[in-house]
Amino acid sequence: MSKNFNIDSDNDYNHWFDSPYYHILYENRDYKEAKKFIKKILKYLKLDKGSKILDAACGRGRHSIEIEKLGYKVLGIDLSKNSIKKAKKNENENLNFIIHDISIPLKSKFDAVFNLFTSFGYHNKKKDLDVLHAMEKNLKTGGIGIIDFFNINKIKKDLIENEIIIKKNIKFNIKRKVNQDYVNKSISFKDKKKQYNFNEKVNALSLDNFKNYLNNTNLRIQEVFGDYHLNPFDSDKSTRLIIILKKKSQSNK
Ligand SMILES: C[S@@+](CC[C@H](N)C(=O)[O-])C[C@H]1O[C@@H](n2cnc3c(N)ncnc32)[C@H](O)[C@@H]1O
């Protein structure tokens, strides 16, 4: 029997991230990388100790855990029930996790909202804007937002169309495609005699696309970095597009 899953419609987008196979395939997306980046970015931001930080689309909480260790109060939110269940094992009075959609504003306000490691652009344009409006609403005036996305130009340049990755005896067959709208990755494999087919579709957003989105919000770009070492963004060479935002004043949207 073959199972097909997509994360590109609002009803079933979560299957891939919620599946154990996502974590098997990307086991190298580790806590070491998160620790280094969080140390660097928090040093740059100079937020007061005890500040409230929202990790929007936190996955299993690798960044949230590091942020809390450095003296901040953290709430991690994600729609993946399995990831939140795992993250909750690390909870303490300054570190909490809940299942929540990042496009829906919370009741409390935060000093900073982080959206890390390509946790944006999985839905249609309206929902992308909802995510930015929720970020805006979740921030105190003067609060800081961070969006850490891929650099679409680099993705297009370095695209490996077909790849086979073997992890835990599972042969993942990965096919990638990029067009002007999407980066599409299909992941097929067999496990315990069952065939699985997942699909991950992310909007092919450039810095200019983000600028257009942000024109509809009260979030203003403060700085743009191009990697986890916080080097300046270069649209041809940078591995990441890391946008630092500041909330001006509350809009009515
Ligand atoms: C590439 S993973 C990154 C997770 C985490 N930030 C990390 O670096 O480990 C993207 C995450 O976005 C989450 N996600 C996607 N759309 C979401 C939404 N609308 N609300 C909450 N989480 C969402 C997925 O469940 C997944 O955990």
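Each ligand, and each atom within it, is numbered from 1 in the order the structure gives. Residues take their numbers from the sequence shown, with the count starting at 1. Bear in mind the structure is a predicted one, so any value in this text is a computation, not a measurement.
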Ring pair (Phe, Tyr, Trp, His ring centres under 6.0 Å) partner of Tyr122, chosen from Phe149, Trp16, Tyr182, Phe17: Phe17
Closest by any non-hydrogen atom to atom 26 (C) of ligand 1: pick that one out of Trp16, Phe17, Tyr122, Phe37. Phe17
Provide the number and element of each atom of ligand 1 under 4.0 Å from a heavy atom of Gly59. 4 (C), 5 (C), 27 (O)
Would you call the rings of His63 and Phe37 parallel, tilted or perpendicular if under 30° counts as parallel and over 60° as perpendicular? perpendicular
Quick one: which of Asn218, Leu54, Ile144, Leu219 gives a side chain to side chain contact (heavy atoms under 4.5 Å, CB included) with Leu139? Leu219
What do you reckon, does Lys127 have a nitrogen or oxygen under 3.5 Å from a nitrogen or oxygen of ligand 1? no
Counting only heavy atoms closer than 4.0 Å, does ligand 1 sit against the backbone of Cys58, its side chain, both, or neither? backbone
Checking Arg240 against Phe117: charged group under 6.0 Å from the ring centre and within 45 degrees of the axis? yes
Centre of Phe189's six-membered ring, under 6.0 Å away, within 45 degrees of the axis: is that where NZ or CZ of Lys171 sits? no
Under a 4.0 Å heavy-atom limit, does Arg60 contact ligand 1 with its side chain, its backbone, both, or neither? neither
Under 3.5 Å between some N or O of ligand 1 and some N or O of Asp78? yes
Looking at Arg62 and Glu33, does any basic side-chain N land under 4.0 Å from a carboxylate oxygen? yes
Under 4.0 Å from a heavy atom of His123: give me the atoms of ligand 1 that qualify, with their elements. 16 (N), 19 (N)
Would Lys52 count as a cation-pi partner of Phe110, with NZ or CZ less than 6.0 Å from the six-membered ring centre and within 45° of the ring normal? yes
Which of the atoms of ligand 1 are close to Tyr22, meaning less than 4.0 Å from one of its heavy atoms? 1 (C), 2 (S)
Plane angle bin for Phe120 and Phe210 - parallel if under 30°, tilted between 30 and 60°, otherwise perpendicular: tilted
N or O contact, Ile77 vs ligand 1, cut-off under 3.5 Å: no
Nearest heavy atom to atom 18 (C) of ligand 1, choosing from Ile104, Ile102, Leu116, belongs to Ile102
Side chain, backbone, both or neither: which applies to Tyr31 and ligand 1 if a contact is any heavy-atom pair less than 4.0 Å apart? neither
Any idea which atoms of ligand 1 are less than 4.0 Å away from a heavy-atom of Ala57? 4 (C), 5 (C), 6 (N), 12 (O), 13 (C), 22 (N)
The side chain to side chain donor-acceptor pair (under 3.5 Å) partner of Lys126 among Asn124, Asp130, Asp128 is Asp130
Which bit of Phe117 gets closer than 4.0 Å to ligand 1, counting heavy atoms only: side chain, backbone, both or neither? both
As an exercise, identify every atom of ligand 1 less than 4.0 angstrom from a heavy atom of His100. 20 (N), 21 (C)
Within 6.0 angstrom of Lys246 NZ, more than 12 heavy atoms from elsewhere: no
Heavy-atom contacts under 4.0 Å between Thr118 and ligand 1: side chain, backbone, both, or neither? backbone
